[in-house]
Amino acid sequence: MDGPGRPDVLVIECDSLPPDLVGAYGDPNGATPHIDALAAGGVRFDASCNAPLCTPSRASMMTGRLGSRLDCFDNASEFSSEHPTIAHAFRALGYATAIVGKMHFIGNDQHHGFDERIALDTDYSRGYDPQLYALAYDWDTPSAGNLNSPQMMGGSYVAEESSGAYRTRYSRELHDARDARIHEAALEYLGRDHDGPFLAVVSYHAPHNPFWAPDDEVARFRGARPLLRPEAAPEAGAMDRWLNDFHYAREVRQRFMAPENLRWMYATVYAMIAELDRRVGELIAALPRPDATIVVFVSDHGDMLGDRGMLQKRAFYERSVRVPLVIGGPGVVPGIRTRVPVSLVDLLPTLSALVGAPVPPELDGVDLSPALRGGAVPRHPIVAEYHGEGVHAPCFLLRDGTHKYTLVHGYDEHLYDIGDDPGERRDLAGDPAHAALLRSLRSRLLRVVDPEAVARRARASQRRRAFIHRAWSAPVG
């Protein structure tokens with residue numbers, strides 16, 4: 001489109017939502033009518049994040065590049081201001097750009113090309129403040145639980161401990177209270193007298209743990225169950241062992257997996273999602289040009305929520321790495337659900353193509369806009385990575401079609417066919433019948449990433465940030 005005909009763009013992001021809990025992706029519990037309506041009028045993608053952790057996932061989405069290319073390895077990582085973002089691409093066309101709410105940028109640059117940063121509820125500019133990120137995770141330390149924020153780990157998935165964490169630690173800073181402030185600010189931004197097109201990214205905390213919602217809302221979803229298998233499974237390798245250590249999963253598993261606790265957890269999560277969905281509906285209703293606005297709904301990553309007896313994100317299983325990605329708006333063919341895998345690095349080139357914005361160099365993502373017009377999604381390998389808290393080596397994933405290959409550098413590798421085995425219970429890596437496929441996927445992954453180079457850079461970053469943390473924490477005077 002040219003000049004004044006360019007559409008507005010609203011990106012609505014949430015935190016820790018697997019697509020299985022969204023009606024448009026098959027969930028039967030009725031928590032997401034507004035997101036479902038957006039999907040009915042648009043396109044639903046089979047999408048994955050590129051890192052199942054907030055900061056590197058969001059950095060990848062904003063830049064269209066893998067987090068390791070940005071040296072954004074974990075939740076205490078900055079990425080350089082010289083990396084172009086979607087805001088720079090849209091700014092070149094004269095768009096006003098704003099982030100409202102959470103984006104988890106670490107360090108002094110809280111804008112990364114956006115004109116405005118509104119409702120910044122937590123100041124991440126002090127990225128090494130021991131009260132926020134006490135230390136970039138050191139691979140050479142034992143997992144042995146998250147000593148920096150244990151209240152966010154296994155106990156927050158147990159009813160009495162989750163509610164206790166809210167009452168004693170969070171007080172007025174409940175996720176819902178934060179999201180209410182973000183939502184109010186987002187409605188104010190949409191209600192302004194805009195004299196040109198805008199790109200607004202509105203980002204909420206829900207349904208991130210610890211879990212809490214008003215009792216009457218929780219009661220609405222009593223007995224609701226998501227489409228996953230809440231049962232313990234043998235740990236498949238090093239990454240599972242490390243993450244279960246870090247999350248205190250084994251310590252709380254008996255209480256966490258108890259039927260009554262699962263009923264509480266799922267009911268509470270659905271209540272949080274329903275409130276998120278209500279806010280999505282209000283944002284869409286507040287659009288100043290509803291017929292000329294591209295709307296995106298997405299999550300930064302998922303949550304295991306008891307699948308395999310695991311919790312939180314960070315893992316490469318589908319509940320952790322897959323995300324809902326729905327796009328609707330002018331010219332988008334309604335009601336399409338694509339089956340070709342995509343990922344969040346694809347969002348920048350796709351939205352840029354829809355408005356005619358230039359794209360930065362060296363992108364890892366591809367343009368999905370043909371699929372929004374009823375065409376095919378270009379088949380391309382999906383790469384994700386995890387190098388953050390809890391693990392002790394670089395971890396990588398490559399998905400091609402239904403085949404999913406994971407590599408823990410220096411430790412082990414795994415292969416699943418999620419078409420035949422959606423629960424990822426049958427590891428094919430040791431099956432001679434799949435040896436050629438394993439070699440092929442490994443080779444393809446290693447053409448995209450260099451695990452040894454990532455390991456060197458990540459360790460160097462950990463050492464630098466550990467020094468800064470010690471200096472920051474030293475007594476004054």
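- Distance check: Q110 CD to R117 CZ gives 5.0 Å after rounding to the nearest 0.5 Å.
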Practice prompt. Step by step, work out the side-chain hydrogen bond (donor to acceptor under 3.5 Å, both in side chains) result for Y386 and R314.
Written response: CA-CA 7 Å; Y386 184 73; R314 299 180 175 87; 3.2 Å; yes

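- Within the structure, the side-chain hydrogen bond (donor to acceptor under 3.5 Å, both in side chains) test picks out the following pairs touching residues 344-357 (sequence neighbours left out): D346-H380.
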Check: residues 16-23 side-chain donor-acceptor pairs under 3.5 Å, at least two apart:
none

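- Rounded to the nearest 0.5 angstrom, I182 CD1 and R178 CZ are separated by 8.0 Å.
- The pair R442-E413 meets the salt-bridge criterion, with a side-chain N (NZ, NE, NH1 or NH2) lying under 4.0 Å from an Asp/Glu carboxylate O.
- Of the possible donor and acceptor atoms, one in the side chain of D427 sits under 3.5 Å from a partner among the backbone N and O of A429.
- Screening residues 55-92 for ring pair (Phe, Tyr, Trp, His ring centres under 6.0 Å) gives F79-F105, F79-H112, F90-Y95 as the qualifying pairs, with residues at least two apart or on separate chains.
- Minimum interatomic distance between L407 and P451 (heavy atoms only, all atoms of both residues): CD2-CG, 4.2 Å.
- Summarising the geometry, atom CD1 belonging to I106 is positioned 8.0 Å from atom SG belonging to C72; distances are rounded to the nearest 0.5 Å.
- In this view, E385 satisfies the salt bridge (charged side-chain N to carboxylate O under 4.0 Å, His left out) rule with no residue, not counting sequence neighbours.
- Ring orientation note: the planes of Y270 and F221 are close to parallel, at an angle under 30° on the 30°/60° scale.
- Evaluation of the ring pair (Phe, Tyr, Trp, His ring centres under 6.0 Å) test over residues 401-431, restricted to residues two or more places apart or in two chains, returns W242-Y411.
- Among the candidates K313, R58, H208, H104, the single residue satisfying the side chain to side chain donor-acceptor pair (under 3.5 Å) test with D300 is R58.
- Atom-to-atom distance recorded for I382:CD1 and C49:SG is 11.0 Å, nearest 0.5 angstrom.
- Here the shortest heavy-atom pairing between G309 and A249 reads O-CB, 4.4 Å.
- Residue S57 comes nearest to L344 through the heavy atom pair OG-CD1, 3.9 Å, listed as atom of the first residue, atom of the second, then distance.
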Practice prompt. Take D74 and T55 through the side-chain contact (heavy atoms from CB on, under 4.5 Å) test and state the conclusion after the steps.
Written response: CA-CA 7 Å; D74 55 44; T55 293; over 6 Å; no

Item to complete: Let me see the working for S461 and R465 under side-chain hydrogen bond (donor to acceptor under 3.5 Å, both in side chains), right down to the final yes or no.
Response: CA-CA 6 Å; S461 176; R465 290 179 288 159; 2.9 Å; yes

Practice prompt. Quick one: do F297 and H34 satisfy ring pair (Phe, Tyr, Trp, His ring centres under 6.0 Å)? Show the steps, please.
Written response: CA-CA 11 Å; F297 177 80; H34 296 101; over 10 Å; no

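- By the salt bridge (charged side-chain N to carboxylate O under 4.0 Å, His left out) test, K102 pairs with D15, sequence neighbours left out.
- Applying the salt bridge (charged side-chain N to carboxylate O under 4.0 Å, His left out) rule to R263 yields the partners E260; only residues at least two apart in sequence or on another chain are considered.
- Inspection of the R373 and S369 side chains reveals no N or O donor paired with an N or O acceptor under 3.5 Å.
- Using a 4.0 Å cut-off between a side-chain N of Lys or Arg and a carboxylate O of Asp or Glu, R426 and D420 do not qualify as a salt bridge.
- Aromatic ring centroids of F211 and Y157 lie under 6.0 Å apart.
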Discussion item. Does M62 form a side-chain contact (heavy atoms from CB on, under 4.5 Å) with L348? I'd like the steps, not just the answer.
Written reply: CA-CA 7 Å; M62 289 291 103; L348 186 157; over 6 Å; no

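- When each of R241, R250, R253 is paired with E235, the salt bridge (Lys or Arg N to Asp or Glu O under 4.0 Å) condition holds for R250 and for no other.
- Every side chain to side chain contact (heavy atoms under 4.5 Å, CB included) that N261 has, sequence neighbours left out, goes to V158, A159, F256, A258, W264.
- For L441 against D400, the heavy-atom pair with the smallest separation is CD2-CB, 4.3 Å.
- Atom-to-atom distance recorded for L325:CG and E13:CD is 10.5 Å, nearest 0.5 angstrom.
- Contact record, G423 with R425: O-NH1, 2.7 Å, taken as the closest heavy-atom pair.
- The shortest non-hydrogen separation linking P349 to V359 is CA-CG1, 4.2 Å.
- For the side chain to side chain donor-acceptor pair (under 3.5 Å) with Y317, the lone residue among T406, D307, D240 that qualifies is D240.
- No more than 12 heavy-atom neighbours from other residues, nucleotides or ligands sit within 6.0 angstrom of CD on Q254.
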Item to complete: Could you walk me through whether D277 and T32 pass the side-chain hydrogen bond (donor to acceptor under 3.5 Å, both in side chains) test, one step at a time?
Response: CA-CA 5 Å; D277 181 82; T32 56; 5.0 Å; no

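- In this structure, SG on C395 lies 7.5 Å from CG on L243, to the nearest 0.5 angstrom.
- Here the side chains of L351 and V9 are in contact, with some heavy-atom distance below 4.5 Å.
- Between D138 and R463 there is no salt bridge, since none of the side-chain N atoms of the basic residue sits less than 4.0 Å from a carboxylate O of the acidic one.
- Remark: R91 pairs with D115 by the side chain to side chain contact (heavy atoms under 4.5 Å, CB included) rule, at least two apart or across chains.
- Between E424 and K404 a salt bridge is recorded (basic side-chain N to carboxylate O distance below 4.0 Å).
- For the salt bridge (charged side-chain N to carboxylate O under 4.0 Å, His left out) condition, the pairs that include at least one residue of residues 29-54, sequence neighbours left out, are D46-R322, D46-R399.
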Fill in: Residue pair L53, N75: steps toward the side-chain contact (heavy atoms from CB on, under 4.5 Å) verdict
CA-CA 7 Å; L53 190 68; N75 265 356; 3.5 Å; yes

Discussion item. Please determine whether side-chain contact (heavy atoms from CB on, under 4.5 Å) holds for the pair V448 and F396, giving the CA-CA distance in whole Å, both sets of side-chain angles, and the decisive distance to 0.1 Å.
Written reply: CA-CA 10 Å; V448 178; F396 302 93; over 6 Å; no

Worksheet item: Do N209 and Q312 pass the side-chain hydrogen bond (donor to acceptor under 3.5 Å, both in side chains) test, and can you show the C-alpha distance, the side-chain angles, and the key distance before you say yes or no?
Response: CA-CA 8 Å; N209 69 300; Q312 281 247 332; 3.0 Å; yes

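- Partners of R255 according to the salt bridge (charged side-chain N to carboxylate O under 4.0 Å, His left out) rule, which considers only residues two or more places apart in sequence or in another chain, are E160, E161.
- Side-chain atoms of D364 come within 3.5 Å of backbone N or O of L66 as a donor-acceptor pair.
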Please tabulate, for the side chains in residues 432-440, all donor-acceptor contacts under 3.5 angstrom to protein atoms that are two or more places apart in sequence or on a different chain.
unit_1: H434; atom_1: ND1; unit_2: D431; atom_2: OD2; d: 3.0

